[in-house]
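A quick write-up on the structure given underneath.
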Amino acid sequence: MTLHAPTKPYNFASIAALIIGTGAYGIGLLNSIMALNEKGYYLITLLYGLYSVISLQKTIRDKAEGIPTTNLYFMISWISTAIAIGLVNADMTLSEKGFYAMAYTLSLFAAITVQKNVRDKQQGNVQSDNSAPQVAATE
């Protein structure tokens, strides 16, 4: 299987999407009329969601590449991703829920893509190092 490193524009777009998604979510929290503890809850929900989708993506890719992973960690990753959605019962207008849901979804998708790009780039560097011609030392 030939692995191509992601292009610079794709990397830039992925990082920009992550910044835009998390930035919009953060600005929305700053401008909201919520109690400070509620703002903290939604911030932690975003951070936990980012961590859980990166962990899930890494686990799925490790399994696909034959790297051993435990079924327990795989299941924990799926469950963490599923429970990281905290907007379902929020006391917000539908438009606010929609805004946070879109920013949240963009952030999670971008985090997965950035993590994938980093891993692809690292594996591309390893493959190019391994495929470099070896010069035998003469004594």
Should Tyr41 and Tyr100 be regarded as members of a common hydrophobic cluster, given that ILVMFWY residues are connected when their side-chain heavy atoms come within less than 4.5 Å of each other, either directly or indirectly?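 Yes, same cluster.
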Identify whether Leu43 and Leu50 are in the same connected component of the hydrophobic contact network (ILVMFWY, side-chain heavy atoms under 4.5 Å).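 Leu43 and Leu50: one cluster.
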Tyr42 vs Met92, side-chain contact (heavy atoms from CB on, under 4.5 Å): CA-CA, chis, key distance, verdict: CA-CA 12 Å; Tyr42 288 112; Met92 296 180 196; 3.7 Å; yes
[X] side, atom [atom1]; [Y] side, atom [atom2] - distance, nearest 0.5 Å:
X: Ser52; Y: Ile76; atom1: OG; atom2: CD1; result: 12.5 Å
X: Lys58; Y: Ile112; atom1: NZ; atom2: CD1; result: 14.5 Å
X: Glu38; Y: Ile33; atom1: CD; atom2: CD1; result: 11.0 Å
X: Thr59; Y: Ile54; atom1: OG1; atom2: CD1; result: 11.5 Å
X: Thr22; Y: Ile20; atom1: OG1; atom2: CD1; result: 9.5 Å

Considering non-hydrogen atoms only, spot the tightest contact between Phe99 and Ala24 and give its length.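 Nearest heavy atoms, Phe99 then Ala24: CZ-O, 3.2 Å.
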For residues Ser77 and Ser55, report the shortest heavy-atom separation together with the two atoms involved.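 Nearest pair, atom of Ser77 first, then Ser55: OG-OG, 3.4 Å.
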Hey, is the main chain of Leu29 close enough, under 3.5 Å, to the side chain of Ser32 for a donor-acceptor pair?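 A pair under 3.5 Å: yes.
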Under 3.5 Å, side chain of Glu96 to main-chain N/O of Thr93, donor-acceptor pair present?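 Yes.
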Given a cutoff of under 4.5 Å between side-chain heavy atoms of I, L, V, M, F, W and Y, with clusters grown through shared members, what are the other residues clustered with Tyr51?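 For the cluster that includes Tyr51, the remaining residues are Tyr73.
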Using a cut-off of 6.0 Å, state whether more than 12 heavy atoms not belonging to Leu36 lie near its atom CG.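 No, because the 6.0 Å sphere around CG of Leu36 holds 12 heavy atoms or fewer from other groups.
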Classify the angle between the aromatic ring planes of Tyr25 and Tyr104 as parallel (below 30°), tilted (30 to 60°) or perpendicular (above 60°).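 Answer is tilted, since the angle falls between 30° and 60°.
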For Lys116, which of Asp120, Val114, Val118, Thr113 qualifies under side chain to side chain contact (heavy atoms under 4.5 Å, CB included)?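 Of the listed residues Asp120, Val114, Val118, Thr113, the side chain to side chain contact (heavy atoms under 4.5 Å, CB included) partner of Lys116 is Asp120.
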Side chain to side chain donor-acceptor pair (under 3.5 Å) contacts in which one or both residues fall within residues 11-21, not counting sequence neighbours: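 Residue pairs with at least one partner in residues 11-21: Asn11-Asn117, Ser14-Asn117.
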Met102/Lys97 under side-chain contact (heavy atoms from CB on, under 4.5 Å): CA gap, chis, key distance, verdict: CA-CA 9 Å; Met102 292 305 294; Lys97 283 185 179 183; over 6 Å; no
